[in-house]
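Data block below; observations after.
Owing to the predicted nature of the structure, the values given are computational and were not obtained by experimental measurement.
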Amino acid sequence: GESVGLHLPTLSVQEGDNSIINCAYSNSASDYFIWYKQESGKGPQFIIDIRSNMDKRQGQRVTVLLNKTVKHLSLQIAATQPGDSAVYFCAENKGNNRLAFGKGNQVVVIP
Amino acid sequence: EPEVTQTPSHQVTQMGQEVILRCVPISNHLYFYWYRQILGQKVEFLVSFYNNEISEKSEIFDDQFSVERPDGSNFTLKIRSTKLEDSAMYFCASGPGTGGVYTFGSGTRLTVV
């Protein structure tokens with residue numbers, strides 16, 4: 001079946017270091033992916049998206065990489081800050097704006 | 001920055017009771033959604049709403065659930081007879097168009113006892 005999932009449940013990173021969060025998807029027909037950040041007590045917050053006709057997209061301190069060959073998505077956060085501590089979800093747009101979220105990956109930034 | 005507003009932030013209800021969760025989407029958005037997140041689990045799609053009708057719903061969204069846009073600003077989710085397993089965070093979201101880039105509210109924590 002179709003699924004979007006994350007490899008690591010928790011990532012502890014030293015402040016200032018780079019973070020990498022990984023996500024695997026199983027539907028090779030998927031063409032649009034989004035990363036969301038969820039802080040405690042808040043709703044998911046859009047970080048960055050990428051379409052399948054791209055393999056890399058950069059934002060402010062964040063980069064998303066898409067490897068369609070192995071159906072793998074990653075989010076890189078540069079110079080991680082305490083405010084980056086959150087749960088990060090990858091999501092797949094399944095058409096008609098229906099998003100399928102992965103299980104989430106907790107990032108803990110150590111000051 | 002425009003926000004999606006949800007009320008109440010926390011609702012406690014007895015099993016079998018009806019609850020209405022309220023949302024005020026971003027004013028110029030046309031697409032509206034409800035998602036839920038059971039504690040410790042992933043966010044799950046419930047329903048999407050466009051042009052005053054449901055455009056898609058998941059298998060979770062059974063006959064106990066309904067959505068309504070009663071006026072030009074509110075978007076509500078009603079659960080007719082709550083069950084214990086309906087306890088979750090319910091997130092409303094709205095978007096300007098197709099593409100998945102939409103804004104989530106902070107959620108309503110529903111606790112069914």
Side chain of B:Ser94, backbone of B:Ile26: donor and acceptor closer than 3.5 Å?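 Checking the backbone N and O of B:Ile26 against the side chain of B:Ser94, a donor-acceptor pair under 3.5 Å is found.
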Can you tell me if A:Asn93 uses its side chain to pair, donor with acceptor, with the backbone of A:Leu99 under 3.5 Å? no
Which atoms of A:Gln38 approach chain B - backbone, side chain, both or neither, heavy atom under 4.5 Å: side chain
Applying side-chain hydrogen bond (donor to acceptor under 3.5 Å, both in side chains), name anything that partners B:Thr5, two or more places apart in sequence or on another chain. none
Who clusters with B:Tyr90? Use side-chain heavy atoms, under 4.5 angstrom, across I, L, V, M, F, W and Y, and order the result by chain and number.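 Via sub-4.5 Å side-chain contacts, B:Tyr90 links to B:Met15, B:Val19, B:Leu21, B:Phe32, B:Trp34, B:Leu46, B:Val47, B:Phe49, B:Ile54, B:Ile60, B:Phe61, B:Phe65, B:Val67, B:Phe75, B:Leu77, B:Ile79, B:Leu84, B:Leu110, B:Val112.
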Heavy-atom distance under 4.5 Å to chain A: side chain of B:Ser9, backbone, both or neither?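 For B:Ser9, neither part sits under 4.5 Å from chain A.
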Interchain contact, B:Gln6 with chain A, by part (heavy-atom threshold 4.5 Å): neither
